[in-house]
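No hydrogens, no waters, no symmetry mates; every other heavy atom, side chains included, goes into these values. Each chain gets a letter, A, B and so on, in the order the sequences are listed, and its residues count up from 1.
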Number of protein chains: 2
Amino acid sequence: MPVVETASRARVDKRQAILAAAFDVFARRGYAQACVKEIAEVAGVAKPTVYNHLNDKETLFRQAVDAAADAVLAQNLAVVERLREPGDDPRATLEDVAYRLVRTCDDERSRSLKWLTYAQVARFPDVVDAVHARTGLRLAEALADRLARLVLAGHLRPCEPADAAEHLLALLTGPMEARSGFGMRKVPTAQLRAVAVNAVDVFLRAYGA
Amino acid sequence: MPVVETASRARVDKRQAILAAAFDVFARRGYAQACVKEIAEVAGVAKPTVYNHLNDKETLFRQAVDAAADAVLAQNLAVVERLREPGDDPRATLEDVAYRLVRTCDDERSRSLKWLTYAQVARFPDVVDAVHARTGLRLAEALADRLARLVLAGHLRPCEPADAAEHLLALLTGPMEARSGFGMRKVPTAQLRAVAVNAVDVFLRAYGA
DNA sequence: TCTCGATTGAACCCGTGGGTTCAACATACT
DNA sequence: AGTATGTTGAACCCACGGGTTCAATCGAGA
């Protein structure tokens, strides 16, 4: 194993640790209240080391949020991909996907990411746009693609897939926001299921074949 | 006119001016970035005068948000009240109410209130709960009441009014959030109409008689 | 063992801004 | 006129925290 690799590996690991710690602390305290000293402590690293890897607090924030957004997007896309094989019971498949989506929305990282970006609209409007593009728009596009296929397969009535996707997501995220207190607390599993089933029921009444 | 009244009136007016200025500045800058000096300037008042009426920055924030939440709630309830006389065309009435609701969601004060409270979840979780109770829950209750009557009148199919209200609101606010960039920019009137009409269409397909 | 780069902790600088003090002043009431 | 209350501006105190500096230290490779 080449030496240079272990060295740069160590560097990368520290950088990752710092970014993870940054997201953690930002998520708990918010941008203004998060102090770099605490981030360094959580990362198990000295404060100058933080500034050695990331230029300043703002860079720290952007990189941490970027990484989290990528992770959440991947998670969501993986769920939507399950609609590729709708099987013989589209309702069951949709309920399964819907349930997995609300569970994803309910996990720690998604909730933190959402309110954290929302909270910093005033200071970093572009961060909000970037995150929303990756988590909101891309998800809607992917879902619209799958719904279009369901229309062609005769499982849904003819409609505009983009609208249908927007509506299904709204029926999922709206009730979730209310129940999670703007993403501050976890929602009981039973309610997750109920939200998913109800949303799919309304969706199929409106868009079913 | 009694003198004492002019005196206390002057006091009240200044207090109101300070709270209005506070909400204005908080909405533009966010809590951490808003400085009391600027609030005083906007209110046309000296800094010690601010501290003379409100104890500290936190009180300033809470009172300003409280007042705004009350105003927004009143605005929303007034709109929902229009469902009391559904007329002979429930779809038209629902579209009218839906359009007025999204317009309310889109106005300056509502958008500011929403992201401002959302942004301060970490520091003041109870403020979020209070605002959400007044703007979200109370609105959903009022709407559920009206929908229940529509069910009895045979304009909607038998259903759980609370669920129906939640779904209609989700179909309205979900697309609005996406289009307004998390409440940061105004949405063109044409899109407001489209969101309202689409939402009501889906709603009636799912809940129509 | 020697070297070089990364890391560390601690101290430091300094801008920002919440909150207070105080003497001067305005206004309204007696 | 005299008094009391509220207001003003300016200066002040002080905590907090971003960002930097530096000498000491550590660890991997030659």
Please report the distance, rounded to the nearest Å, between [atom1] in [X] and [atom2] in [N].
{"X": "A:Arg15", "N": "C:dA6", "atom1": "CZ", "atom2": "C1'", "answer": "16 Å"}
{"X": "B:Lys14", "N": "C:dA28", "atom1": "NZ", "atom2": "C1'", "answer": "14 Å"}
{"X": "A:Tyr51", "N": "C:dA6", "atom1": "OH", "atom2": "C1'", "answer": "19 Å"}
{"X": "B:Glu41", "N": "D:dA10", "atom1": "CD", "atom2": "P", "answer": "11 Å"}
{"X": "A:Lys57", "N": "C:dG15", "atom1": "NZ", "atom2": "P", "answer": "18 Å"}
{"X": "A:Gln33", "N": "C:dG17", "atom1": "CD", "atom2": "P", "answer": "14 Å"}
{"X": "B:Lys37", "N": "D:dA11", "atom1": "NZ", "atom2": "C1'", "answer": "12 Å"}
{"X": "A:Leu54", "N": "D:dT20", "atom1": "CG", "atom2": "C1'", "answer": "16 Å"}

Answer with base, sugar-phosphate or nothing: what part of the nucleic acid does A:Ala40 contact at a heavy-atom distance below 4.0 Å?
->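 The answer is nothing, as A:Ala40 stays clear of every strand by at least 4.0 Å.
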
Any side-chain N or O of [X] below 4.0 angstrom from OP1/OP2 of [N]?
{"X": "B:Thr49", "N": "D:dT7", "result": "no"}
{"X": "A:His53", "N": "C:dA6", "result": "no"}
{"X": "A:Asn52", "N": "C:dT7", "result": "yes"}

Are A:Phe203 and A:His167 an aromatic pair by the rule of ring centers under 6.0 Å?
->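 Ring-ring flag for A:Phe203/A:His167: false, centres at least 6.0 Å apart.
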
Any idea how B:Phe61 and B:Tyr31 line up, ring-wise: parallel (<30°), tilted (30 to 60°), or perpendicular (>60°)?
->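 It falls in the perpendicular class, over 60°.
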
Using heavy atoms to find the nearest nucleotide of DNA chain C for A:Ala46 and B:Val36 separately, return the residue whose nucleotide is more 5′.
->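 So the residue in question is A:Ala46.
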
Closest to side chain of [X], choosing from [options]:
{"X": "B:Lys47", "options": "D:dT8, C:dA10, C:dG18", "answer": "C:dG18"}
{"X": "A:Asp56", "options": "D:dG19, D:dG18, C:dT8", "answer": "D:dG19"}
{"X": "A:Pro48", "options": "C:dA10, C:dG19, D:dG6", "answer": "C:dA10"}

Please report the closest heavy-atom contact between A:Arg134 and A:Leu73, naming both atoms and the distance.
->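 Nearest pair, atom of A:Arg134 first, then A:Leu73: O-CD1, 2.9 Å.
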
Do A:Asp96 and A:Thr93 meet the criterion of a side-chain donor-acceptor pair at a distance under 3.5 Å?
->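 A:Thr93 and A:Asp96 do not have a side-chain donor-acceptor pair below 3.5 Å.
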
Please indicate whether B:Arg149 has more than 12 foreign heavy atoms, meaning atoms of other residues, nucleotides or ligands, lying under 6.0 Å from its CZ.
->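 Open: at most 12 neighbouring heavy atoms sit under 6.0 Å from CZ of B:Arg149.
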
